[in-house]
Amino acid sequence: MGEISSSDSYEVASERLDRALARLEKGVVRLGEQGRSLAAVEKERQQLRADRNRLSADLERVQQKAARLDEGAAQVSRRLVDAMETVKSVLAK
């Protein structure tokens, strides 16, 4: 009973090889999935970078517009002060 025949050895070796091949196949599938996952992450990173660049450009335009509006508001305020002083001086006469 303690002896293993050559056909039993072959069967055991064949089963071990089958299990090893199955593990190898699972590993290859897992690597393929990780590769696809990495590609998806890279694509998302590129989209985020494009969004960031677009938002940065939008922010720059908005800041420039805000600066122009502030300057315009300051000019209007100065003109109103000038006009009020003119009206005051006319009324004082």
Side-chain angles (χ1 to χ4, degrees):
M1 277 205 143
E3 289 184 31
I4 298 177
S5 69
S6 61
S7 66
D8 289 339
S9 297
Y10 173 77
E11 296 270 333
V12 169
S14 178
E15 288 173 10
R16 287 181 63 203
L17 179 60
D18 287 343
R19 286 192 304 268
L21 288 173
R23 284 194 310 271
L24 178 62
E25 185 176 349
K26 286 179 184 177
V28 168
V29 168
R30 219 175 17 255
L31 283 174
E33 289 169 353
Q34 288 174 349
R36 285 187 294 276
S37 177
L38 287 175
V41 167
E42 176 61 23
K43 183 179 179 182
E44 185 175 349
R45 186 182 68 82
Q46 289 174 354
Q47 289 172 338
L48 288 172
R49 179 177 282 149
D51 287 347
R52 184 189 69 205
N53 291 339
R54 180 184 49 79
L55 290 170
S56 178
D58 289 349
L59 177 61
E60 181 67 27
R61 282 191 296 275
V62 167
Q63 287 174 332
Q64 290 172 356
K65 184 176 181 178
R68 288 191 307 269
L69 290 172
D70 285 344
E71 179 59 32
Q75 287 178 4
V76 167
S77 178
R78 284 191 296 272
R79 289 179 182 171
L80 283 173
V81 168
D82 290 345
M84 288 187 313
E85 289 176 1
T86 301
V87 169
K88 281 182 186 178
S89 70
V90 167
L91 292 176
K93 291 183 182 180

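A quick note: this is a predicted structure, and the numbers were derived from the prediction, not measured.
Sorted by first and then second residue, the salt bridge (charged side-chain N to carboxylate O under 4.0 Å, His left out) pairs involving residues 14-29 (not counting sequence neighbours) form an empty list.
Here the straight-line distance linking atom CD of Gln64 with atom CG of Leu59 works out to 10.0 Å at 0.5 Å rounding. In this structure, CD on Gln47 lies 14.0 Å from CZ on Arg52, to the nearest 0.5 angstrom. Arg36 CZ to Leu31 CG: the interatomic distance, rounded to the nearest 0.5 Å, is 10.5 Å.
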Would you give me the side-chain donor-acceptor pairs under 3.5 Å for residues 76-93, sequence neighbours excluded?
residue	atom	partner	partner atom	Å
Thr86	OG1	Asp82	O	2.9
Ser89	OG	Glu85	O	3.4
Ser89	OG	Thr86	O	2.9

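The neighbour count for Glu44 CD, taken as heavy atoms of other residues, nucleotides or ligands under 6.0 Å away, does not exceed 12.
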